[in-house]
Amino acid sequence: MTFLSSLPLPPENEQQLFERAQALAGFNLGELASRAQIAIPHDLKRDKGWVGMLLELYLGAMAGSKPEQDFPALGIELKTIPIDAAGKPLETTFVCVAPLTGNSGVTWANSHVRHKLARVLWIPVEGERQIPLAQRRIGSPLLWQPNQQEEDMLRRDWEELMDLIVLGHVERITARHGEVLQLRPKAANSKALTEAIGEQGQPILTLPRGFYLKKSFTGALLARHFSI
DNA sequence: ACGTGATCATAT
DNA sequence: ATATGATCACGT
């Protein structure tokens, strides 16, 4: 392949984006970092978003970009996903922050979750901690959109979780709610606070939460890809 | 071994 | 504090 000679512009279409992603498959993170003249950390403990940012660079996503999709002109969101030797996800996938107030009029159809997941370019990356970061390889990309069954599962979980949030039960929600979509903390630490609705309908301060896809869900979608 | 709750860096 | 990018690490 022709490696980065300069920062790529945003891809003009879906095919161009996908070809760029395919061209990265098989290379390891050390090769990509070196070619992009990016320093590679020893591990991800203090650089949790490093892999995602590196691939954004190679694919022409606007660095440190704004809310919503990574490729707004294409309606596509980019997600790197760490996998083990069997191709199974090692981590859940963050989708977006959960809105804890101001939810009147919000429905599944106009939700951030549905918008973010409408079309996703998944890029698997070897993620086992025993593999030195520089040696971890990029896998084959998958351009995905939820099928009817997947969308139904997502909608049911989203509606259950949002009902609890709107009814003032956010602090009763644990990661065990939801079959494929779960609500978990998304914060700098356990002392971070944001406004939410309390049990009596009053304003409260609580830990910011995010929606995450469970590993069983992303694992199934990757498996479907590799079995086709 | 694994999932849940906690956490890290950076930009605005 | 909120948004982006996620993974860490303790308890079971």
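Please read these numbers as outputs of a predicted model, since none were measured by experiment.
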In whole angstroms, how far is the [atom2] atom of [N] from the [atom1] atom of [X]?
X       : N      : atom1 : atom2 : value
R46(A)  : dA6(C) : CZ    : C1'   : 15 Å
L183(A) : dA6(B) : CG    : P     : 13 Å
F211(A) : dA6(C) : CZ    : P     : 18 Å
K214(A) : dG5(B) : NZ    : C1'   : 14 Å
F94(A)  : dA9(B) : CZ    : C1'   : 14 Å
F71(A)  : dT4(C) : CZ    : P     : 15 Å
Q130(A) : dC8(C) : CD    : P     : 13 Å
E126(A) : dT7(C) : CD    : C1'   : 17 Å

* To do: Ignoring hydrogens and angles, answer whether the base of dT7(B) and the side-chain atoms of K45(A) contain a donor-acceptor pair closer than 3.5 Å.
  =>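 When only heavy-atom distances are counted, K45(A) does not reach the base of dT7(B) through any donor-acceptor pair under 3.5 Å.
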For a quick check, tell me whether the side chain of K186(A) and the base of dG5(B) share a donor-acceptor pair closer than 3.5 Å.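 Such a pair does not exist between side chain and base.
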[X] bridged to [Y] by N-O distance under 4.0 Å:
X       : Y       : result
R136(A) : E128(A) : no
E151(A) : R155(A) : no
K48(A)  : E91(A)  : no

Given [N], is OP1 or OP2 found less than 4.0 Å from the side-chain N or O atoms of [X]?
X       : N      : value
K191(A) : dA1(C) : no
T92(A)  : dT7(C) : no
R176(A) : dG5(B) : yes
T80(A)  : dA6(C) : yes
S190(A) : dT7(B) : yes

Nearest to the [X] side chain among [options], which nucleotide is it?
X       : options                : value
R129(A) : dT7(B), dC8(C), dA6(C) : dC8(C)
A192(A) : dA1(C), dA6(B), dC8(C) : dA1(C)
R184(A) : dG5(B), dT2(C), dG5(C) : dG5(B)
T194(A) : dT4(C), dA6(B), dT2(C) : dT2(C)
V97(A)  : dA3(C), dG5(C), dT7(B) : dA3(C)

Any chance the side chains of T92(A) and R184(A) put a donor and an acceptor closer than 3.5 Å?
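Per modelled atom types, T92(A) and R184(A) side chains form a pair under 3.5 Å.
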First of Y212(A) and P208(A) reached from the 5' end of DNA chain C, by closest nucleotide: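 With Y212(A) and P208(A) compared, the 5'-side residue is P208(A).
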- Task: Could you say whether I81(A) or E195(A) is positioned toward the 5' end of DNA chain C, judged by the nucleotide with the nearest heavy atom to each?
- Result: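 Checking each residue's closest nucleotide, the 5'-ward one belongs to E195(A).
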Under the 3.5 angstrom rule, does the side chain of R114(A) hit a backbone N or O of A109(A) as a donor-acceptor pair?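 Yes.
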| message | Heavy atoms only, 4.0 Å cut-off, all strands: where does L207(A) land among base, sugar-phosphate and nothing? | response |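 Touches sugar-phosphate only.
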Of all heavy-atom pairs between G139(A) and A25(A), which one has the smallest distance, and what is that distance?
->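 For G139(A) versus A25(A), the nearest heavy atoms are O-CB, 3.5 Å.
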Using the closest heavy atom to pick a nucleotide of DNA chain B for each, name whichever of G49(A) or K215(A) lands nearer the 5' end.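 Result of the comparison: K215(A).
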